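Structure first, then comments.
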Amino acid sequence: MKSLFLTLLLIANVAAAAQVNTPSDFVQPADRWAGWVFQEENDVFTQTNVDKYYTQGLRFSMTRNPLKNPKFVESFADWFLPKVGNPSAARVWSVGIGQNLYTPDDITNPLPQLNERHWGAFLYADNMVQLIDKNEEKFRHVFELQTGVIGPAAGGRFAQSTIHQLIGSAKPLGWSNQLKNEPGVNLIYEYDLRRSAKVGPLDVDVQPHAGGSLGTVMTYGSAGAIARLGKNNSGFLNGALRATAFTQFDGNRPPWEIWVYAGAEGRAVGHNVFLSGGTFRQIPTEIETKRFVYDLLGGLSVRYRRWRLTYNLVRRGPEFTHPLAIGNGRQEFGSIVFSVEKILPR
């Protein structure tokens, strides 16, 4: 990883000296959308390549041109920002759709596994509002509303069976034991800080964050931090677990950007529907949800003009306990994120 980073950094420095931004790198007043992002999270993107637990997350989102924000975004920002003393923050709205899949450790077992986590899927629409200081050097408020369905209607059986058939992987046999159909709603909030500095020719920044989720899918409080090292670092990190185009306000940004990051997050978990067996329609279970879960995060991101490619790796601590559990509840999954992010008007 280190040699790859240094090689890409050298290429970026050479290219940046000969390139400038073009009109196509900027959001134009007539544009309806400012960028989009496609994200695939999967445990196949790791060295362990073990198909279990949170096994896949697929998500696509689009970021609106801030000059064309819906009225409710502006009204909400006008109400919220004076309360926190930042009335001039930029308002960025994104919409998307996603699907998450969860399975036990052994997907070839067609019988109910009471000592393991449940089969389940969540299909949802996503609305996200980011309120960010216009220099992208101080703070960001993130509000996210996910609304959808849990259970067979979420299409988990079809999605995993089709993918496994295409790639020649083991056929998942236990989807008949999945969570029952019920609505899924999550209201998520996160507050991020960013502090940056120069270390020789490199950019370094630290981004602590805190927040939580309230809903029928997951309820938790969270806190953590990430650190980035690279060249021409910009904006707040939107890597693992949040697929929305990066915010970019600096019209003088260099055409190249590259960085690596590492961090950690802890969550105090009150409810996780994929461990409890359901919020409204229960299925039998003998596992107990762990009340503290941690993630260790790392990744690499490269941007050329408005095009960005990011890889993230997440190592997650145990989420449940049971004396007869097959594994220890730990897992790894990675994500590939491809995005288009134009420079936004301030």
Side-chain angles (χ1 to χ4, degrees), residues 21-42 56-77 80 89-101 121-132 134 136 140-149 154-155 159 184-190 192 213 217 234-251 253 257 299 301-312 335-346:
N21 289 313
T22 66
S24 62
D25 296 326
F26 293 80
V27 175
Q28 303 302 315
D31 292 343
R32 184 176 295 272
W33 300 99
W36 55 264
V37 59
F38 174 83
Q39 179 174 18
E40 165 69 2
E41 287 182 338
N42 202 300
Q56 176 170 295
L58 184 65
R59 186 165 166 173
F60 176 79
S61 71
M62 300 178 68
T63 298
R64 186 78 158 188
N65 180 349
L67 298 177
K68 295 182 179 294
N69 276 336
K71 289 184 178 179
F72 80 86
V73 174
E74 299 299 325
S75 297
F76 174 74
F80 176 80
R91 298 97 186 267
V92 181
W93 179 57
S94 302
V95 292
I97 186 170
Q99 183 192 53
N100 295 348
L101 306 183
F122 180 35
L123 181 66
Y124 63 92
D126 183 80
N127 275 272
M128 182 185 298
V129 176
Q130 301 177 72
L131 305 176
I132 313 163
K134 294 184 179 181
E136 299 178 289
R140 177 176 66 167
H141 299 274
V142 181
F143 299 86
E144 184 175 1
L145 177 63
Q146 299 174 342
T147 55
V149 63
V185 180
N186 265 354
L187 179 60
I188 302 167
Y189 169 75
E190 184 174 292
D192 304 324
S213 173
V217 182
S234 64
F236 286 87
L237 187 147
N238 284 331
L241 313 180
R242 174 173 293 129
T244 184
F246 284 60
T247 55
Q248 303 274 300
F249 297 105
D250 187 359
R253 76 176 181 189
E257 177 180 347
S301 185
V302 179
R303 177 184 60 79
Y304 176 64
R305 296 191 183 279
R306 61 188 183 277
W307 308 94
R308 183 186 295 274
L309 182 65
T310 304
Y311 171 75
N312 306 289
S335 70
I336 302 294
V337 186
F338 180 63
S339 61
V340 172
E341 48 197 53
K342 295 184 179 182
I343 298 172
L344 305 181
R346 293 182 182 274

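Nothing here was measured: the structure is a model prediction, and the numbers come from that model.
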* Start with the C-alpha gap between Val340 and Trp33, add the side-chain angles, then the distance that decides, and say whether side-chain contact (heavy atoms from CB on, under 4.5 Å) holds. => CA-CA 11 Å; Val340 172; Trp33 300 99; over 6 Å; no

Once you round to the nearest 0.5 Å, how far does [atom1] of [X] lie from [atom2] of [Y]?
{"X": "Leu58", "Y": "Leu123", "atom1": "CG", "atom2": "CG", "value": "10.0 Å"}
{"X": "His141", "Y": "Asp192", "atom1": "NE2", "atom2": "CG", "value": "9.5 Å"}
{"X": "Gln39", "Y": "Thr310", "atom1": "CD", "atom2": "OG1", "value": "9.0 Å"}
{"X": "Ile336", "Y": "Asn312", "atom1": "CD1", "atom2": "CG", "value": "8.0 Å"}
{"X": "Ser339", "Y": "Trp307", "atom1": "OG", "atom2": "CH2", "value": "10.0 Å"}
{"X": "Glu74", "Y": "Asn69", "atom1": "CD", "atom2": "CG", "value": "5.0 Å"}

* Asked: Does the ring centre of Trp93 sit less than 6.0 Å away from the ring centre of Phe143?
  -> no

* Asked: Counting only N and O atoms by type, is there a donor-acceptor contact under 3.5 Å from the side chain of Gln99 to the main-chain atoms of Ala154?
  ->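 Present.
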
* To do: Spell out, as yes or no, whether a donor-acceptor pair under 3.5 Å connects the side chain of Gln28 to the backbone of Phe26.
  =>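 Yes; at least one donor-acceptor contact below 3.5 Å.
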
Specify the closest pair of heavy atoms between [X] and [Y], including all atoms of both residues, with the distance to one decimal.
{"X": "Glu136", "Y": "Gly235", "answer": "OE2-CA, 3.5 Å"}
{"X": "Leu67", "Y": "Pro29", "answer": "CD1-CA, 4.1 Å"}
{"X": "Phe76", "Y": "Leu131", "answer": "CE2-CD1, 4.4 Å"}

Note, [X] side chain near [Y] side chain (heavy atom, < 4.5 Å):
{"X": "Pro345", "Y": "Asn65", "result": "yes"}
{"X": "Ile132", "Y": "Val142", "result": "no"}
{"X": "Ile343", "Y": "Arg253", "result": "yes"}

* To do: Tell me, with the steps shown, if Asp31 and Lys342 meet side-chain contact (heavy atoms from CB on, under 4.5 Å).
  => CA-CA 11 Å; Asp31 292 343; Lys342 295 184 179 182; 3.8 Å; yes

* Test applied, side-chain hydrogen bond (donor to acceptor under 3.5 Å, both in side chains); reference residue, Ser234; option that passes from Arg303, Glu257, Glu341 ->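 Between Ser234 and the candidates, side-chain hydrogen bond (donor to acceptor under 3.5 Å, both in side chains) is satisfied uniquely by Glu257.
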
* To do: For the pair Val129 and Arg91, evaluate side-chain contact (heavy atoms from CB on, under 4.5 Å) and give the outcome as yes or no after the intermediate values.
  => CA-CA 7 Å; Val129 176; Arg91 298 97 186 267; 5.6 Å; no

* May I ask you to decide whether Glu41 forms a salt bridge with Arg59, counting only side-chain N to carboxylate O separations under 4.0 Å? => no

* To do: Test side-chain contact (heavy atoms from CB on, under 4.5 Å) on Gln146 and Phe122 and set out the steps.
  => CA-CA 10 Å; Gln146 299 174 342; Phe122 180 35; 3.7 Å; yes

